[in-house]
Each structure stands twice: as C-alpha cells, then as structure tokens.
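Small disclaimer: the values here were computed from a predicted structure and weren't measured. Letters A, B, ... mirror the listed sequences (proteins, then strands); counts begin at 1. Quick note: numbers below take in every heavy atom, side chains included, and nothing from hydrogens, waters or symmetry partners.
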Amino acid sequence: MLERRVIIASASGLHARPASRFTQAAADCGHPVTVARPGQPGVDASSVLMVMSQGLGHGEEVVLASDDAAAGPALDALVALLEQDLDAQE
Amino acid sequence: MSTDVAPAPRTVATPAPPADAVAPGTVITGVGAGRGAVVAPLAVLRAAPAAPADEPAPADPAAARTAIDDAFAEVASTLVARAAAATGAAAGVLGAAASIARDPALRADAHARVDAGQGPATAVEGAVGRFVEMFAAAGPLMAERVTDLRSVRDRVVARLLGEPEPGVTLDRPSVVAALDLSPADTAALDLDLVVGIVTELGGPTGHTAIVAGQLGLPCLVRATGVTALADGTVVALDAGAGTLVVEPDAATRDAVGRRAARERALAQDTAPGATADGHRIALLANIGTVEDAHRAAASAVEGVGLFRTEVLFLGRTDAPGLEEQERAYRDALAALGGRKTVVRTLDAGADKPLAFATQPDEENPALGVRGYRLVRTSPALVDGQLLALGRAAATADGPDPALWVMAPMVSTPAEARDVATRARAAGVGTVGVMVEVPAAALLAREILAEVDFVSLGTNDLAQYTMATDRLRGELADLLDPWQPAVLRLVAETARAGLDLGKPVGVCGESASDPLMALVLAGLGVTSLSMSPGAVPAVRFALRRHTRERCAALAASALGAPDAAAARAVVLAGADPEVADLVG
C-alpha cells in the first residue's frame, strides 16, 4: 500500500471545479487511488460524487493511497495537483 | 432570481393524448405575466419518466449492468457535446452534469442494486437517490449538485425505458408549455425559437414569469391542462387577458394579432416617462447581468433601477474577487453609457442561495440572514462588494454620479445608517436602501433621514406584509400588490420621500402594471423600474393622465376595501384607452 499525505490548497476545498479537476486526474492516471481523512476509510478518488461527499475543506490534510505498487509517480502527480489552488486557475 | 432546485414533477410516462382531445376554441385560463400576445404552435416540455413501480428483476443481470453503463455513457457524451456548444453558466452546469454521468461510484452503486434483483431503471433511481440524500444532508452548498444528479437520473432512466429525452426540442418558433420551468430548464431552451411560455404551476412573480419578462415573452402561469395538449397544437397566448385559446379561429387570431401590433406601436414611443402635464417619472430597467445591461441600453429606458448583483454569483462556490466584481460593475456602467444605474448589493439567502453566503440549516430562510443582514455574518463580503462598487463608480464617465447603490432587506434606521456609513467609506456617492419589510415602510421617514433614496421592492413587501410565500402559486391572491395593506405601506413610504425631498422608486413587478403605475405616480413615487418589455405600456398610461388625476386614482385605490376593488376602481377611473390596453 502506497500512501501520500497532502494539505488541500484550493480556496473552496475539494468541491465543485477543484473536485472535478482532481477526480478527472485520478481517473486518468490508470491506477486505483483512494482519498481519505487521516485514519478514515478511503473513497474512490476518481468519483467526483464520493470525493465531494467527503466535504474536504481548504487546509485539511488528506491521505492518498493505492494498492498498486506502480502507482508512486501517479500519487506524486496527484499530490502536486492538490498543492495548487485550483480555484485560482480559471 | 430564484434557484429552484426542485425538479419537475415526475410522472410515469403516458402517451400524449390525440390532438383532437381538446376541442378547437377551448379557452384555458391562467395568470398572465406581462402583456404580450402570440399565435404559435405549442411545444410541450416532457416530464421525466420514472421507473415503473413494478419493474421486474432483470433476467440477465450482466446485460442489465451493460445497459446501465451504456445509458450513462450516452448521457455523458450528449452532455459533453451540449456543454461544448453552450457558453457561460449553461456550459458549467452541463459540464458538471456530464462529470456526474461518468461517475464510477454511481455506476457501481446501480450495479449492486441490479445484482440484488432490482430492474435497471429502479437501480439507477436508487443509486442517484442515495447521493441525493447524502448531498441534501450536506446543506445548501450541495444544492446545485442535487439538481445535477436529478437531471442525470432523468436522462439515464428515460434511455433505459426507451422514452424520449426529457425536456423539449424546438425546431420552429413555439410557445413552450411545461408543468413548471426550473432555471436549468430555461437555460436549456433555444431562446431564439421561444415565442411564449405557459406553465401549469408557478406564480406571477416566480422565476418563470421574471425570465419571460426579461426576454419580453408573453407568459401565462397556472394554466391547468396545457401540458396535456399535443405537441404542435396551434395556440393563441394572450398574457394581458390571461388566456390561451386552443386552435383559435380567425377572429381570435385577428384579435391577438391586433394586440401584438399595438404592443409594437407602443414600443415606438421612446420619450422619457412623464405624466400628461409633464411631471417626470423615470422609467428604468431591472437587470441581473452585464448582458442584460447591454439589452437594456438598447431599449428606451432612462437607466437601471435594479441591478441584482447576486445573479453574477449564482452557481459560484466562492466569493468573486474584488477585481472581478469591479470589472463586472464597470462593464455594466459602460454598457449603459452614463445612464443612472442603481446597484443592489448581494441579496443572498431565501430563494437565492449562494454557496459562499447562505446560512446552513436555517429553518425559515425568508426570515433569516438574507439581504443586508449578511453584514452580520460576512461583513468582509459586504465591504468587499461596496469597495468594488466604489472603485467602479470612481472610473465611470458622466457629469453626475451614474452609480447609485442600495442594500436589500433593511428593517431599521440603524441598519440604514450602517449601510450609508460603509458605502460612503467605500467611495459610493449615492446610497439608498430597499423598503421591502413592513417595518422599513412604517419608519420610512427615519430611514430616509439616513440615506439619499429608497426603493420599494413590492414583491417582498407583499410577501412580508401578507405573510405569504412568493413561491406558493395557490396563494397568489394574497400576494396581490393591490392589497390595501401593501398599498398603504407604499403610500407611507412615498409620502416620507415627498416630505424630505428624496427619491422613492419602485422596483418590484407592480411597477410594470400600467394601472398600478398610475397609482404609484399619484402617491409620489419618482421612478419605476421593471422588465424593459413592460416599459412601453407604462409610458403610454402615464402620458394619458395628469399628476392630479393619478393622485385621485391613488386615493380611490387606497380607499378600496380589497385588492380586486382597488384595481377595479382605478380601471374605471383611468383613461378609456388605457383601460382597453390592460383589458
């Protein structure tokens, strides 16, 4: 199990467009990825509905995880995405 | 504008009745919004089909799962194509719906329901329902996602049942008929082909009527039975008379044609609003967007009496930045070319939820933190908007300050003082407040002492005076702006303005009724703001009466025992040509 931790930089959290951008990237990365608050069960990171239902806010820490041993670079790319303020890029 | 998140009522689809089910010449009555009239074929907005209650368990679950996947994929690609063809807010709404249609968790949930023995349409409804419940519980932030989810559900279920796509497809100029039109339905319409709107539900001040007014379309609401008419049925829609005639005869067509011709003739008069003896009443437009400002500028109005700024921010999850706001205000001012423009600060809450400003979990949002009360919870949002307005005003052209700013939902003189203090600190020169709470009307004198002008919002004033929800069509009689209690509050406010020599405008829909316009002028109201399409008839009515005669009509309305009698007495006392015009 690979894991990465990251603080959500987007001003509105993982909601609406930032959630769309993130889940699209997760779907396109080719590996199963979950996202969760630390210590909680993960949800499918490619599902915009599951991700938005988590209500993850600006400044919150989340855990990205994958069972796929080859997913390291993909996780790093998703971390880099969450480290940007996706609200500011419109 | 209201953001109605309730979907159109869903029915198990039934075949449309044959075209001859309703006899030619049948008259369906409703409540007209605006005054236009048109003869055109009807296009019925199809309600979304629901899964049959007895949908059988799938014989082949694997095939059912594939059918579900195919339906979601087809809906997603249709939505992506529409989003690509759309612009602005509509593109965003369609894109969000497309990403929901592609969602793996939604499909997985539907698959699990199929494996548990549910039919595919039932499974999709159940899967969507689970997310709807989850999001509805998450508060107003998620309200738009609920609308998107339901829209995706309706399209996918229709495909699974082999039904046509819900909604309406226009191929020629048509009157659109629907049970009700949500903002999403309206956004999906090809407005170039819509020549009239008729709905079975809704009220005359609801979303549909307001949109129709802004587009200058004849509109009839609460017209029971119109969605049972067959697609293509020719109808004569007369908003002024409040009727829809099925397959009209030649005489009816002629009458509607004459009415439409008279409306066009009225529109030729572009002189400033004034009574017969030259007493000026400014005729202004209500707008919500920069595009509206361009449309208003092209019509014969003296400016804008109500710029609803929350429309700029509906559908946003975050507050727009200072520069973005300033740009929007400056663009609107530029479009209006120095004409007076009254900007209303954010009126969030109640029927206009804004994700970043609406209070979660309000039991009674119409009585909660809405309008200027936002300053109690989000003072930075209010001050930020005022600052953007002050900067836009500073750069606007014109000898007089064209930009006026007013705050909605003010109830006390102290709140009015707070508005004035904050707005002036932000560089706004002319500051006012709206009078839409009875308390503000009763203390109009004290409130006017704090600000430069007031503007009556008659829709909300009627709602709060009569304790009647604006969205409840069946209570429309109580919301009537001719209710004597509402008229007296208007009179109180207008008198305070006369005494203090300060402008008192009206920017509710009642300003668009030519008879009511006479009463308002007679009470001392100095400007009337309405949908641009309503201006010509109001201009005509004012020009046919002296100020003194308007005052006499106003006095007779104030003395009437009820709303119907108030309107009747003004109708009887008005110039015959105006009486003929309003019917």
Item checked: With sequence neighbours excluded, residues passing side chain to side chain contact (heavy atoms under 4.5 Å, CB included) with Ala388(B) -> Leu322(B), Gln325(B), Glu326(B), Tyr329(B)
Next item on the list: For chain B, find its close neighbours in residues 36-48 of chain A: heavy-atom separation under 4.5 Å, sorted by number, or none.
Entry: Asp44(A), Ser46(A), Ser47(A), Val48(A)
Note to self: Can you tell me which portion of Ala105(B) sits under 4.5 Å from chain A's heavy atoms? Options are side chain, backbone, both or neither.
What the structure shows: both
Check: Rounded to the nearest 0.5 Å, how far apart are CG of Leu49(A) and CG of Asp103(B)?
Finding: 4.0 Å
Margin query: Just to be sure I understand the criterion: a residue of residues 52-80 of chain A counts if one of its heavy atoms is under 4.5 Å from a heavy atom of chain B. Which ones qualify?
Written below: Met52(A), Ser53(A)
Next item on the list: Mind checking salt bridge (charged side-chain N to carboxylate O under 4.0 Å, His left out) for Asp69(B) and listing every partner two or more places apart, or none if nothing turns up?
Entry: Arg107(B)
